[in-house]
Enquirer: 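Take a look at this one; I'll ask things after.
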Amino acid sequence: MNREVFIWTCFILTVACFTIAVFSFPRYYEFAMTITEIYIVSWFCFMGAAIYEVNRYAKLGVTGKVFWTLGLLFLSPVVGLIYLMSARRALLK
């Protein structure tokens with residue numbers, strides 16, 4: 001599988017599962033817990049792939065790698081979207 005397709009799929013699956021789990025939690029506890037498990041696995045896959053890519057780039061300095069890694073770890077939905085929409089394209093050129 002292409003790495004770009006893998007990262008996008010993991011990110012979209014993460015956001016979708018999180019949204020579904022939040023809205024279904026009060027009524028459908030068992031369903032919400034299953035979706036939460038899928039969310040956690042897809043989140044780890046996305047984080048691992050994104051952090052691997054960030055730390056692999058030769059163009060990016062040590063400070064940039066540290067900031068991207070910390071941002072992905074602590075603010076993953078927001079920084080992940082920024083990374084996928086703009087920074088990834090710029091770094092791959």
Side-chain angles (χ1 to χ4, degrees):
M1 180 185 281
N2 187 355
R3 187 175 295 140
E4 182 173 0
V5 172
F6 177 73
I7 287 180
W8 272 103
T9 303
C10 287
F11 183 75
I12 291 170
L13 186 63
T14 299
V15 172
C17 286
F18 179 76
T19 305
I20 291 169
V22 165
F23 287 115
S24 65
F25 186 74
R27 294 180 132 188
Y28 308 106
Y29 180 76
E30 292 297 322
F31 175 72
M33 294 312 293
T34 303
I35 294 295
T36 302
E37 292 169 1
I38 296 170
Y39 158 73
I40 290 170
V41 169
S42 64
W43 181 74
F44 277 122
C45 290
F46 170 73
M47 295 299 292
I51 289 172
Y52 171 76
E53 276 193 351
V54 164
N55 289 311
R56 188 176 56 98
Y57 293 133
K59 296 179 189 177
L60 201 57
V62 175
T63 306
K65 290 178 183 180
V66 168
F67 281 131
W68 275 110
T69 302
L70 290 176
L72 285 167
L73 287 174
F74 295 113
L75 301 169
S76 63
V78 175
V79 175
L81 187 61
I82 292 169
Y83 172 71
L84 287 175
M85 297 299 273
S86 63
R88 190 167 189 269
R89 253 184 250 138
L91 291 173
L92 287 177
K93 287 183 181 179

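Every value quoted in this text rests on a predicted model; they were computed, and no experiment measured them.
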Enquirer: If Ile, Leu, Val, Met, Phe, Trp and Tyr residues are connected whenever their side-chain heavy atoms lie under 4.5 Å apart, and connections chain through other members, are Phe67 and Val62 in the same group?
Expert: no
Enquirer: Identify, with sequence neighbours excluded, every residue that meets side chain to side chain donor-acceptor pair (under 3.5 Å) alongside Ser76.
Expert: Trp43
Enquirer: Indicate every side-chain donor-acceptor pair of residues 16-26 with a distance under 3.5 Å to a residue at least two apart or in another chain.
Expert:
{"unit_1": "Thr19", "atom_1": "OG1", "unit_2": "Val15", "atom_2": "O", "d": "2.8"}
{"unit_1": "Ser24", "atom_1": "OG", "unit_2": "Ile20", "atom_2": "O", "d": "2.8"}

Enquirer: Between Leu81 and Phe11, is there a side-chain heavy-atom distance shorter than 4.5 Å?
Expert: yes
Enquirer: Is there a chain of hydrophobic side chains (I, L, V, M, F, W, Y, each step under 4.5 Å between heavy atoms) that links Phe6 to Val41?
Expert: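 Result: no, two separate clusters.
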Enquirer: Is the shortest side-chain heavy-atom distance between Leu73 and Ile51 below 4.5 Å?
Expert: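 Of all side-chain heavy-atom pairs linking Ile51 with Leu73, at least one is under 4.5 Å.
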Enquirer: Measuring from atom CD1 of Ile7 to atom OH of Tyr52, what distance do you get when rounded to the nearest 0.5 angstrom?
Expert: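 Between atom CD1 of Ile7 and atom OH of Tyr52 there are 10.5 Å.
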Enquirer: Examine Phe46 and Ile12 and state if one hydrophobic cluster contains both, with Ile, Leu, Val, Met, Phe, Trp and Tyr joined whenever side-chain heavy atoms are less than 4.5 Å apart.
Expert: yes
Enquirer: Quick check on Arg56: does its CZ atom have over 12 non-hydrogen neighbours (other residues, nucleotides or ligands) under 6.0 Å away?
Expert: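 Yes, because the 6.0 Å sphere around CZ of Arg56 holds more than 12 heavy atoms from other groups.
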Enquirer: Is there a side chain to side chain contact (heavy atoms under 4.5 Å, CB included) between Ile82 and Trp68? Walk through the geometry before answering.
Expert: CA-CA 10 Å; Ile82 292 169; Trp68 275 110; 4.0 Å; yes
Enquirer: Roughly how far apart are Thr14 OG1 and Ile38 CD1, rounded to 0.5 Å?
Expert: 11.0 Å
Enquirer: In Å and rounded to the nearest 0.5 Å, what is the CD to CZ distance from Glu53 to Arg3?
Expert: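 Answer rounded to 0.5 Å: 5.5 Å.
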Enquirer: Could you tell me the separation between the CZ atom of Phe74 and the OG1 atom of Thr69, rounded to the nearest 0.5 Å?
Expert: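 The distance works out to 11.0 Å.
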Enquirer: I need the minimum non-hydrogen distance between Leu84 and Arg88, along with the two atoms involved.
Expert: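 That would be CD2-CD, 4.1 Å.
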Enquirer: Which heavy-atom pair separates Leu72 from Ala50 by the least distance, and what is that distance?
Expert: CD1-CB, 3.8 Å
